[in-house]
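Atom set for the values below is all heavy atoms of this structure, side chains included, hydrogens, waters and symmetry mates excluded.
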Amino acid sequence: MSDWLKFRGGRLPGNWLSEIPAPPPWRSFGAGIPPQPPSDLGSNDFWWRYEQKRGSAFQVLRKEIPRAVNAALYLRRPLLIEGRPGTGKSSLISAVAYELKMGPVLRWPISSRSTLRQGLYEYDALGLLNEQNTPPGERAGGPVVDIGNFVQLGPLGTALHNTSWPRALLIDEIDKSDLDLPNDLLNVFEDGSFPIPELARAQNRAPMVKTSWPCGPDGKPFKVQVNDGVVTSDQFPFVVMTSNGERDFPAPFLRRCIRLRMPDPEKEDLERIVETHLGPSRKAQAAQLIQTFLNNSSNLATDQLLNAVYVTLGGRGDDQRVIGDSEKADIEAMILKELS
């Protein structure tokens, strides 16, 4: 195994990110230094337990997967993952966050109505106005109105806020976005910073604002300080963008990404996936189901196979199903319906 692979897939969580060198000169953020582990990285399970369930079960099916992940980590570039539904595109980031102790994955699901502003921050102007019009003695936040209480960083904004240890961000199904969103992301990915005009105009030059993480390592609501109305990244986050191939992206956007095509699973891959989730006995019992899946795999997703195995054969250990052949066939046909 090459020493340059800090994420390998399948090894125990560790502070492997600290072994990644400083970014290249053209991608240098903050002081341009390698990631610096948080002081409680070794003692606080906040840094790995949130992604343990999904991350530890993820199967790295091809050697190009860890290579692409590590290239994105070294170059501080987003990873664009393409592939059919159910091939593990959105699960890969959980495996990376789990193995590299990056904390809970920030998730930004994309729709045709998604805008860059939503990913960066939200500003509650009406709430601020109501607070300002409330008598000082009756204000929930105290006599002084703090604009920081009315700003919340979005998933992308939270990922970009200055930190010594990179965060993990999933931008899911970016191919469903408005045509302008990929181009809107270019400057943010290049600069690693963005302004919040509402904070730049405020009297408080360093307010504390809420983030998209529900809590921090201490279990309390996670807040960060924004200086002079600008969020600046010291460590570029590990960004994964997924696409089902429903549209093409502009060349300038693709040029700034590391691209990975998630492979369709083969028979041995499916057997290993079933064994990992449901145990070795289910792998042997599911041989016929796996073959049925493979016969029409271009129109099915891997999680459909797992669902069919679980319902018709049972889960781990003594969880057994007593189902007649006719009923079993009906259930399999119901779950393994084609996606197109």
Side-chain angles (χ1 to χ4, degrees), residues 4-7 9 17 20-29 32 35 58 60-85 87-97 100 102 105-112 114-120 154-160 166-194 233 235-264:
W4 83 283
L5 295 176
K6 306 311 174 188
F7 167 75
L17 271 178
I20 290 180
W26 56 92
R27 294 293 293 166
S28 182
F29 300 97
F58 182 83
V60 176
L61 303 181
R62 302 288 186 277
K63 59 187 178 183
E64 60 265 25
I65 294 176
R67 290 174 180 172
V69 168
N70 282 275
L73 289 169
Y74 274 69
L75 293 172
R76 278 66 170 180
R77 290 288 187 186
L79 178 63
L80 176 62
I81 305 180
E82 301 169 299
R84 295 193 304 105
T87 52
K89 299 187 301 296
S90 59
S91 299
L92 172 59
I93 193 169
S94 292
V96 177
L100 301 185
M102 302 183 81
V105 172
L106 295 156
R107 289 178 165 84
W108 183 18
I110 300 297
S111 71
S112 59
S114 299
T115 64
L116 178 63
R117 163 76 178 268
Q118 292 172 340
L120 294 177
L156 177 56
T158 302
L160 288 172
R167 299 182 176 99
L169 168 68
L170 173 65
I171 303 178
D172 205 15
E173 298 191 339
I174 192 171
D175 51 334
K176 296 185 183 301
S177 71
D178 177 85
L179 291 175
D180 292 331
L181 182 58
N183 283 327
D184 291 341
L185 286 168
L186 290 184
N187 287 338
V188 176
F189 286 157
E190 286 300 294
D191 298 339
S193 65
F194 65 94
S233 177
Q235 295 289 339
F236 191 79
F238 176 60
V239 180
V240 168
M241 297 180 290
T242 67
S243 169
N244 292 326
E246 296 182 6
R247 60 176 283 195
D248 295 326
F249 296 103
F253 176 78
L254 295 176
R255 180 170 61 84
R256 290 167 170 84
C257 299
I258 302 297
R259 301 173 65 185
L260 170 66
R261 177 76 187 182
M262 194 64 79
D264 295 339

*asked:* Evaluate Cys257 against Phe189 for side-chain contact (heavy atoms from CB on, under 4.5 Å), listing each step before the verdict.
replied: CA-CA 10 Å; Cys257 299; Phe189 286 157; 5.8 Å; no
*asked:* Working note: Leu116 + Val188, criterion side-chain contact (heavy atoms from CB on, under 4.5 Å); need CA distance, chi angles, decisive distance, verdict.
replied: CA-CA 9 Å; Leu116 178 63; Val188 176; 4.1 Å; yes
*Checking side-chain contact (heavy atoms from CB on, under 4.5 Å) for the pair Leu170/Trp108: CA distance, chi angles, key distance, verdict?*
CA-CA 6 Å; Leu170 173 65; Trp108 183 18; over 6 Å; no
*asked:* What verdict does the side-chain contact (heavy atoms from CB on, under 4.5 Å) test give for Asp264 and Thr87, after you've listed the backbone C-alpha separation in whole Å, the side-chain angles of each residue and the deciding distance to 0.1 Å?
replied: CA-CA 6 Å; Asp264 295 339; Thr87 52; 3.8 Å; yes
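Counting only heavy atoms from C-beta outward, the side chains of Lys6 and Leu17 never approach each other to under 4.5 Å. Leu185 places a side-chain heavy atom less than 4.5 Å from the side chain of Leu156. The side-chain heavy atoms of Leu79 and Val239, taken from C-beta on, include no pair separated by under 4.5 Å. For the pair Met262/Ile65, a side-chain contact is recorded, criterion being any heavy-atom separation below 4.5 Å from C-beta on. Looking at heavy atoms from C-beta onward, Gln235 lies in side-chain contact with Arg76 at the 4.5 angstrom threshold. Side-chain contact between Lys176 and Ser111 is absent, with no heavy atoms from C-beta onward closer than 4.5 Å. Taking the side chain as every heavy atom from C-beta outward, Pro166 and Pro237 never approach each other to under 4.5 Å. Residues Phe249 and Leu80 form a side-chain contact, since some pair of their non-hydrogen atoms from C-beta on lies under 4.5 Å apart.
In terms of modelled atom types and a separation under 3.5 Å, the side chain of Asp175 and the main chain of Glu246 share a donor-acceptor contact. A donor-acceptor pair under 3.5 Å is absent between the side-chain atoms of Tyr74 and the main chain of Val69, judged by distance alone. In this structure, the side chain of Asn244 does not engage the main chain of Arg84 through any donor-acceptor pair within 3.5 Å. No donor-acceptor pair closer than 3.5 Å links the side chain of Ser28 to the backbone N or O of Pro25. A donor-acceptor pair under 3.5 Å is formed between the side chain of Lys89 and the backbone N or O of Gly83.
Contacts of Asp172 classified as side chain to side chain donor-acceptor pair (under 3.5 Å), with partners at least two apart in sequence or in another chain: Thr242. Judged as a side chain to side chain donor-acceptor pair (under 3.5 Å), and not counting sequence neighbours, the contacts of Arg77 are Glu190.
One distance of note links CG of Leu260 with OG of Ser243; it measures 12.0 Å at 0.5 Å rounding. Atoms CE and CD1, from Met241 and Ile81 in turn, are 9.5 Å apart once rounded to the nearest 0.5 Å. The CG atom of Leu169 sits 10.0 Å away from the CZ atom of Phe238 when rounded to the nearest 0.5 Å. Separating the CG atom in Leu254 from the CG atom in Asp248 is a distance of 8.5 Å, to the nearest 0.5 Å.
Shown here for Ala97 and Val105, the closest heavy-atom pair between the two residues is CB-CG2, 3.7 Å. Ile20 and Pro35 make their closest contact through O-CD, 3.8 Å (heavy atoms, listed as atom of the first residue, atom of the second, distance). Closest non-hydrogen pair, Phe253 versus Leu186, comes out as CA-CD2, 3.6 Å. The nearest pair of heavy atoms linking Ser114 to Pro109 is OG-O, 4.0 Å. Between Leu5 and Pro66, the shortest heavy-atom contact is CD2-O, 3.9 Å.
Taking the ring axis of Phe236 as reference, the NZ or CZ atom of Arg27 stays within 45° of it and closer than 6.0 Å to the ring centre.
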